[in-house]
Amino acid sequence: MTDLPADLLARLERLEIELPSWGFADTGTRFGKYLQDAAALSLEDKLDDAAQVHRLTGACPKVAVHVLWDVPEQGAAALAEAAAARGLRIGSINPNVFEDQCYRFGSVTSEREDVRRRAVDHLLNSVRLGAAVGSDVLTLWFADGTNYPGQANVVERKHRMQSALREVHEAMPESMRMLVEYKPFEPAFYHTDIADWGMAAAFARHAGPNARVLVDTGHHLPGQNIEHVVAFLADEGRLGGFHFNDFHYADDDLTSGSIDPYRLFRILLAIVEAEARRGGDLDVEFMVDQSHNLKPKIEAMIQTTTTVQELFAKALLVDLDALADARRRENVVDAETCLRDAFATDVRPGLAAWRQARGLPGDPLAAHRDSGYEVRAAGDRRTRKSASGGSYA
Ligand code: RM4
Ligand code: MN
Ligand code: MN
């Protein structure tokens, strides 16, 4: 399809996809990591790489930062300036209450008052950092949980989580939103303090009106109907945003749409239907949370961005009137066909023409490969990496 409807293209134009700083750095598995010459070593490298993706796609003006990994010693002003110098903005702020040794038995849910205080203070600092860099989104992921039956009182831990989130919520400026992320397991394997979307929604409700749920697509057990979760949370007004990635088992952090593009299409259709009901765009964050251990990182981010755009375009092509009619007639085949027809439509030529009309390359991945960016980055970073002895995120 070369002529995509104008209202579809207008919606795509408003779709901002936030990139994770950590997705450009060398990361790995529990068993080790494979280094890439072109992987980002510093915050500046990560922002340079994100700027390259934005330059070619026009869709990624924001970069999520991890507080301990990315915030320069000079502080917030330097961070915001470094982003602005590259035509970017700082997106979600990701506090880190999981790496320090003191968090072995939990952070805000710890038995120990001093550990809880330290974790909450870090979250409060992250609120201040967000306000200072012009970010309105605080994303909270906790590694908190236990490994053995009997290890802890889960209800006491629930109460500690509630009071911590409430304290942080109270400190947030009016414009800030708190996104509460859930995950069924890892690093805790018996019980996780925020194990699923229902618990995240309950914690968000306890925290206050600006708290919502963050749906990381990989944080579900196989078989979970994620689009149902998304539709339900959107209707409750508690859908805060996404961490896009794909998975075969659970938190695999693979490129979005690589394993099951039809699932991502259905998730995006839940957004399209919610927006149709509401008569306007949903106020949700479309963020990426991926870890590219095998693919070149910038290529994977470009692939992600164009894939989300393609699948969102397909979701927007679903004929919602025909779908409603098929549902009224209780014709299951016709209803499913509405989805499958849209999913089967090749939107790539239409999106290429749309990009060109906006002064962007029709094929961002090919343009990236032609640009020589990867080779230059590898040359520069290889030298610095061997001098410094490597990096983590
Ligand atoms: C988690 C989760 C969070 C990320 C941490 C480091 O699995 O996806 O979003 O910040 O990893
Ligand atoms: Mn995540
Ligand atoms: Mn994850």
Side-chain angles (χ1 to χ4, degrees), residues 22 27-33 66 68 94-120 122-123 139-168 178-207 211-226 228-229 232-233 238 240 242-243 245-254 259 289-291 293 392-393:
W22 56 94
T27 49
T29 69
R30 289 194 290 127
F31 306 103
K33 61 181 170 176
H66 244 286
L68 291 192
N94 292 252
N96 182 323
V97 286
F98 49 86
E99 280 189 318
D100 197 287
Q101 292 299 319
C102 73
Y103 298 135
R104 180 184 307 238
F105 297 112
S107 62
V108 298
T109 64
S110 165
E111 292 277 335
R112 283 176 44 188
E113 223 283 313
D114 59 326
V115 173
R116 298 201 296 274
R117 195 63 253 157
R118 183 181 169 130
V120 172
H122 177 76
L123 301 179
T139 52
L140 302 181
W141 174 72
F142 297 94
D144 292 45
T146 61
N147 269 10
Y148 294 98
Q151 184 184 325
N153 182 321
V154 297
V155 177
E156 282 177 11
R157 289 172 69 100
K158 170 178 178 285
H159 294 164
R160 292 180 203 130
M161 175 68 74
Q162 283 168 207
S163 81
L165 296 189
R166 217 173 12 248
E167 185 176 344
V168 175
M178 169 191 285
L179 306 193
V180 182
E181 188 168 358
Y182 56 91
K183 180 168 169 172
F185 69 93
E186 198 200 22
F189 292 101
Y190 170 63
H191 120 279
T192 293
D193 285 288
I194 312 181
D196 67 21
W197 65 275
M199 296 184 201
F203 281 126
R205 238 184 347 263
H206 285 299
R212 315 261 162 87
V213 177
L214 169 51
V215 177
D216 182 314
T217 46
H219 290 194
H220 300 90
L221 298 173
Q224 171 87 55
N225 180 335
I226 303 173
H228 183 195
V229 172
F232 196 103
L233 287 172
R238 289 284 174 180
F242 293 96
H243 269 177
N245 49 52
D246 212 340
F247 67 101
H248 192 58
Y249 293 99
D251 195 25
D252 308 346
D253 282 342
L254 303 174
I259 300 287
D289 185 4
Q290 297 174 170
S291 181
N293 301 327
Y392 195 56

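For the single chain, residues carry numbers from 1 onward in sequence order. Just the heavy atoms: all of them, side chains too, but no hydrogens, waters or symmetry mates, feed the values below.
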Looking at every heavy atom in both [X] and [Y], which two are closest together, and how far apart are they?
{"X": "Pro187", "Y": "Asn147", "value": "O-OD1, 3.8 Å"}
{"X": "Thr27", "Y": "Lys33", "value": "O-CB, 3.3 Å"}
{"X": "Cys102", "Y": "Val115", "value": "O-CG1, 3.6 Å"}
{"X": "His122", "Y": "Asn96", "value": "NE2-N, 2.9 Å"}

Mind checking the [atom1]-[atom2] spacing from [X] to [Y]? Nearest 0.5 Å is all I need.
{"X": "Leu214", "Y": "Leu179", "atom1": "CG", "atom2": "CG", "result": "5.5 Å"}
{"X": "Asp253", "Y": "Phe247", "atom1": "CG", "atom2": "CZ", "result": "11.0 Å"}
{"X": "Arg116", "Y": "Ser163", "atom1": "CZ", "atom2": "OG", "result": "7.5 Å"}
{"X": "Arg157", "Y": "Glu111", "atom1": "CZ", "atom2": "CD", "result": "7.5 Å"}
{"X": "Leu233", "Y": "His228", "atom1": "CG", "atom2": "NE2", "result": "9.5 Å"}
{"X": "Arg205", "Y": "Gln162", "atom1": "CZ", "atom2": "CD", "result": "10.5 Å"}

*So Phe185 and Leu221, side-chain contact (heavy atoms from CB on, under 4.5 Å) or not? Walk me through it.*
CA-CA 9 Å; Phe185 69 93; Leu221 298 173; 4.0 Å; yes

Strictly distance-based, threshold 3.5 Å: is any side-chain N or O of [X] a donor or acceptor partner for the main-chain N or O of [Y]?
{"X": "Thr192", "Y": "Ile194", "answer": "no"}
{"X": "Asp246", "Y": "Ile259", "answer": "yes"}
{"X": "Asp144", "Y": "Phe142", "answer": "no"}
{"X": "His191", "Y": "Thr146", "answer": "yes"}
{"X": "Gln224", "Y": "His220", "answer": "no"}
{"X": "Glu156", "Y": "Asn153", "answer": "no"}
{"X": "Arg160", "Y": "Thr109", "answer": "yes"}
{"X": "Arg112", "Y": "Ser107", "answer": "no"}

*So, Trp22 versus Asp289: side-chain donor-acceptor pair below 3.5 Å or not?*
yes

*Just by distance, with hydrogens left out, do His243 and Asn245 show a side-chain donor and acceptor under 3.5 Å apart?*
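No pair is found: no donor N or O on one side chain lies under 3.5 Å from an acceptor on the other.
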
_Using a 6.0 Å cut-off, check whether atom NE2 of His248 has over 12 heavy atoms from anything other than its own residue._
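At most 12 heavy atoms, drawn from other residues, nucleotides or ligands, come within 6.0 Å of this atom.
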
Taking the side chain as every heavy atom from C-beta outward, state whether [X] and [Y] have any atom pair closer than 4.5 Å.
{"X": "Pro184", "Y": "Asp196", "result": "no"}
{"X": "Glu181", "Y": "His219", "result": "yes"}
{"X": "Asp216", "Y": "Phe242", "result": "no"}
{"X": "Gln151", "Y": "Tyr190", "result": "no"}
{"X": "Val97", "Y": "Val108", "result": "no"}

*Test Val213 against Val180 for side-chain contact (heavy atoms from CB on, under 4.5 Å), laying out the working first.*
CA-CA 5 Å; Val213 177; Val180 182; 5.7 Å; no

State plainly whether the residues [X] and [Y] are in salt-bridge range, i.e. N to O under 4.0 Å.
{"X": "Glu113", "Y": "Arg117", "value": "no"}
{"X": "Asp251", "Y": "Lys183", "value": "yes"}
{"X": "Arg118", "Y": "Asp100", "value": "yes"}

*asked:* Between Asp193 and Met199, is the side-chain contact (heavy atoms from CB on, under 4.5 Å) condition met? List the steps.
replied: CA-CA 8 Å; Asp193 285 288; Met199 296 184 201; over 6 Å; no

*asked:* For a side-chain contact (heavy atoms from CB on, under 4.5 Å) check, start with the C-alpha distance between Trp197 and Phe232, then their side-chain angles and the critical distance, and finish with the verdict.
replied: CA-CA 10 Å; Trp197 65 275; Phe232 196 103; 3.6 Å; yes

*Assert yes or no for the condition that the ring centre distance of Tyr182 to Trp141 is strictly below 6.0 Å.*
no

